[in-house]
Undergrad: 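The structure that follows is given in the form of structure tokens.
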Amino acid sequence: PERPHQPKKLQNLALALVVGLILGVAAAFVSEHLSTVVRTPEEVERVTGLRLLALVPRTRSRLNTAEGGRRGRLGRRLGRTLAGDSSPSKGALAKWEPGGELAEAYRTLRSSVLLGWDESMRRILITSPQPRDGKTTISLHLAWSLAQLGRRVLLIDGDMRKPACARELAIEAEKGLSEYLQSAAEMEDVIVETSIANLSLVPAGRPHAEASDLLYSPRLAALLYEAGARWDHVVIDSPPSLALSDARTISRLVEGVILVVSDDTERASL
């Protein structure tokens, strides 16, 4: 014979290709069916019935500071590029410089938030269904992006259990929101200027186990009312909505709520 009778390589390769393709497609469908997390922006809109504001790429980056090489992570899921600031101002050592697609994503978020905005809409709350969905990252960057327009922005860290905003902005503050709500400090005592032009911060203060009870203080309503009168925008970072009731308590005092969803968000949680 001019060629071997067995094996029939071409036939075997064609059969393996067809069988592999069928098994691969079947495995993909099974994996998709069994998955419990949201995978696409379209699925988020379908599950919630809410309009998508922006899609922010997931990156990993660090916050570099000019003092002692201190570093901190901001947002495991959603991130940006930061650089050190050689001219620190009032203890805030971070200078924000997200670039490329990331900066454009935050501009899209800013434009979506401002679309239809009027003077009565000053306070906006940012939360997420689960921890580590990226809400603090979004809060910081939305505040930064609004400040880039020359508008006066106040960022309030409403997570009094696991505060992060002051740390990520390299700010050391002795008093914050928890002290204010306990009448241990006044409003002017807890407002800190950052190194970012037009951006001020109210840190969360010392972690407090009974944070949910503090949020029912009439001092919170007074703070948000005064902030809405003095600043163009007030951005509030709050704890996850499912685990804690804080976001629901604060939401009755604001004009809008942004829900942050990551590719780790469970569909049932959303």
Undergrad: Between Val37 and Arg267, is the side chain to side chain contact (heavy atoms under 4.5 Å, CB included) condition met? List the steps.
TA: CA-CA 5 Å; Val37 301; Arg267 190 179 298 109; over 6 Å; no

Undergrad: Quick one: are Val234 and Ile156 in side-chain contact, heavy atoms under 4.5 Å?
TA: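 Yes; the side chains approach each other to less than 4.5 Å.
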
Undergrad: Counting N and O atoms only, with roles assigned by atom type, does the side chain of Arg206 sit under 3.5 Å from a partner on the main chain of Glu179, one being a donor and the other an acceptor?
TA: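 Looks like no, no N/O pair under 3.5 Å.
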
Undergrad: Please answer whether the main-chain N or O of Ala27 pairs with a side-chain N or O of Ser31 as donor and acceptor at a distance below 3.5 Å.
TA: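 A pair under 3.5 Å: no.
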
Undergrad: Using side chain to side chain contact (heavy atoms under 4.5 Å, CB included) as the criterion, list what pairs up with Pro163, not counting sequence neighbours.
TA: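 Pro163: side chain to side chain contact (heavy atoms under 4.5 Å, CB included) contacts with Asp157, Ala204, Pro207.
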
Undergrad: In this structure, would Met121 and Val153 fall into the same cluster of hydrophobic residues linked by side-chain contacts under 4.5 Å?
TA: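 Linked within one cluster.
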
Undergrad: Under a 4.5 Å cut-off applied to non-hydrogen side-chain atoms, are Leu223 and Met187 in contact?
TA: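 In short, these two side chains touch, coming nearer than 4.5 Å.
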
Undergrad: In terms of hydrophobic clustering (I, L, V, M, F, W, Y; side-chain heavy atoms under 4.5 Å; direct or indirect links), are Leu53 and Leu140 co-clustered?
TA: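 Leu53 and Leu140: one cluster.
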
Undergrad: Rounded to the nearest 0.5 Å, what separates atom CG in Leu125 from atom CD1 in Ile258?
TA: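 If we round to the nearest 0.5 Å, Leu125:CG and Ile258:CD1 are 9.0 Å apart.
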
Undergrad: I need the Tyr180 OH to Arg219 CZ distance, nearest 0.5 Å.
TA: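 The CZ atom of Arg219 is 4.5 Å from OH of Tyr180, to the nearest 0.5 Å.
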
Undergrad: Sorted by first residue and then second, give each side-chain hydrogen bond (donor to acceptor under 3.5 Å, both in side chains) pair with at least one member in residues 220-232; sequence neighbours left out.
TA: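 Every side-chain hydrogen bond (donor to acceptor under 3.5 Å, both in side chains) pair that includes a residue of residues 220-232, provided the two are not neighbours, is Glu188-Arg230.
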
Undergrad: Side chains of Ile236 and Ile250, heavy atoms from C-beta outward: is any pair under 4.5 Å?
TA: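 Yes, at least one pair of side-chain atoms sits under 4.5 Å.
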
Undergrad: With rounding to the nearest 0.5 angstrom, report the NZ to CD distance, Lys8 to Gln6.
TA: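 If we round to the nearest 0.5 Å, Lys8:NZ and Gln6:CD are 6.0 Å apart.
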
Undergrad: Do the side chain of Ser112 and the main chain of Thr108 share a donor and acceptor less than 3.5 angstrom apart?
TA: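 Side chain of Ser112 to backbone of Thr108: a pair is present.
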
Undergrad: Taking only residues at least two apart or on different chains, which pairs with a member in residues 44-57 satisfy salt bridge (Lys or Arg N to Asp or Glu O under 4.0 Å)?
TA: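 Not a single pair qualifies under salt bridge (Lys or Arg N to Asp or Glu O under 4.0 Å).
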
Undergrad: Does the Arg252 side chain pair with the main chain of Thr249, one donor and one acceptor, at a distance under 3.5 Å?
TA: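 A pair under 3.5 Å: yes.
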
Undergrad: Could you tell me which residues satisfy side chain to side chain contact (heavy atoms under 4.5 Å, CB included) with Ser241, sequence neighbours excluded, listed by chain and number?
TA: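 Side chain to side chain contact (heavy atoms under 4.5 Å, CB included) check on Ser241 returns Thr127, Ala247.
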
Undergrad: Where do Leu259 and Leu270 land on the side chain to side chain contact (heavy atoms under 4.5 Å, CB included) test, with the steps shown first?
TA: CA-CA 9 Å; Leu259 184 66; Leu270 178 60; 3.7 Å; yes

Undergrad: Mark yes or no for whether Arg123, through its side chain, and Val254, through its backbone, hold a donor-acceptor pair below 3.5 Å.
TA: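 Not confirmed, Arg123 side chain does not pair with Val254 backbone.
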
Undergrad: Going by heavy atoms in the side chains, are Leu154 and Val235 under 4.5 Å from each other?
TA: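 No; the side chains remain at least 4.5 Å from each other.
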
Undergrad: Between Ser145 (side chain only) and Arg110 (backbone N and O only), is there a donor and an acceptor less than 3.5 Å apart?
TA: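 Not confirmed, Ser145 side chain does not pair with Arg110 backbone.
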
Undergrad: Evaluate the side-chain proximity of Val192 to Pro203: yes if any heavy-atom separation is below 4.5 Å, no if none is.
TA: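 A side-chain contact under 4.5 Å exists here.
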
Undergrad: We want to know whether Ser200 and Glu193 form a side-chain donor-acceptor pair, criterion being a heavy-atom distance below 3.5 angstrom.
TA: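 Present: a donor and an acceptor within the cut-off.
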
Undergrad: Could you check whether any side-chain N or O of Asn198 sits under 3.5 Å from a backbone N or O of Arg152, counting only pairs where one atom can act as donor and the other as acceptor?
TA: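 Looks like no, no N/O pair under 3.5 Å.
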
Undergrad: Do side-chain atoms of Gln182 reach the backbone of Ser178 as a donor and acceptor pair under 3.5 angstrom?
TA: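 Yes, Gln182 side chain to Ser178 backbone: donor-acceptor pair under 3.5 Å.
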
Undergrad: Same cluster or not: are Leu155 and Leu149 linked, directly or through other Ile, Leu, Val, Met, Phe, Trp or Tyr residues, by side-chain heavy atoms under 4.5 angstrom apart?
TA: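 Yes, one cluster joins them.
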
Undergrad: Should we count CG of Leu10 as having more than 12 external heavy atoms under 6.0 Å?
TA: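 Counting neighbours around CG of Leu10, 12 or fewer heavy atoms of other residues, nucleotides or ligands fall under 6.0 Å, so no.
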
Undergrad: Which residue pairs pass the ring pair (Phe, Tyr, Trp, His ring centres under 6.0 Å) test with at least one member in residues 239-270, sequence neighbours excluded?
TA: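 Output for this query is empty, none listed.
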
Undergrad: Does Lys135 come within less than 4.0 Å of Asp237, counting only side-chain N to carboxylate O?
TA: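 Counted as a salt bridge, because a side-chain N and a carboxylate O are separated by less than 4.0 Å.
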
Undergrad: Just how far is it from atom OG1 of Thr136 to atom NZ of Lys162, taken to the nearest 0.5 Å?
TA: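 Rounded to the nearest 0.5 Å, the OG1-NZ separation comes out at 11.0 Å.
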
Undergrad: Keeping the roles fixed (side chain from Gln130, backbone from Leu242), state whether a donor-acceptor pair exists under 3.5 Å.
TA: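 Between the backbone of Leu242 and the side chain of Gln130 there is no qualifying donor-acceptor contact (under 3.5 Å).
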
Undergrad: Just by modelled atom types, is the Val38 backbone N or O under 3.5 Å from a matching donor or acceptor in the Glu43 side chain?
TA: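 No; zero donor-acceptor contacts below 3.5 Å.
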
Undergrad: First locate atom OG1 of Thr194, then atom CG of Leu199, and finally report the distance between them rounded to the nearest 0.5 Å.
TA: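 Between Thr194 OG1 and Leu199 CG, I get 4.0 Å after rounding to 0.5 Å.
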
Undergrad: Can you check whether Leu114 reaches His233 side chain to side chain, under 4.5 Å on heavy atoms?
TA: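 Yes; the side chains approach each other to less than 4.5 Å.
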
Undergrad: Are Ile124 and Val56 linked, directly or through intermediate hydrophobic residues, by side-chain heavy-atom contacts shorter than 4.5 Å (ILVMFWY only)?
TA: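 Both belong to a single hydrophobic cluster.
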
Undergrad: Is there a side chain to side chain contact (heavy atoms under 4.5 Å, CB included) between Ile191 and Val202 once you walk through the steps?
TA: CA-CA 5 Å; Ile191 299 175; Val202 174; 4.0 Å; yes

Undergrad: Can you sort out the partners of Arg161 under side chain to side chain donor-acceptor pair (under 3.5 Å), two or more places apart, ordered by chain and number?
TA: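 Only Ser212, Asp246 meet the side chain to side chain donor-acceptor pair (under 3.5 Å) criterion with Arg161.
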
Undergrad: Do Leu181 and Tyr216 belong together in a cluster built from hydrophobic side chains that touch within less than 4.5 Å?
TA: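 No, it is not one cluster - the side chains of Leu181 and Tyr216 are not joined through contacts under 4.5 Å.
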
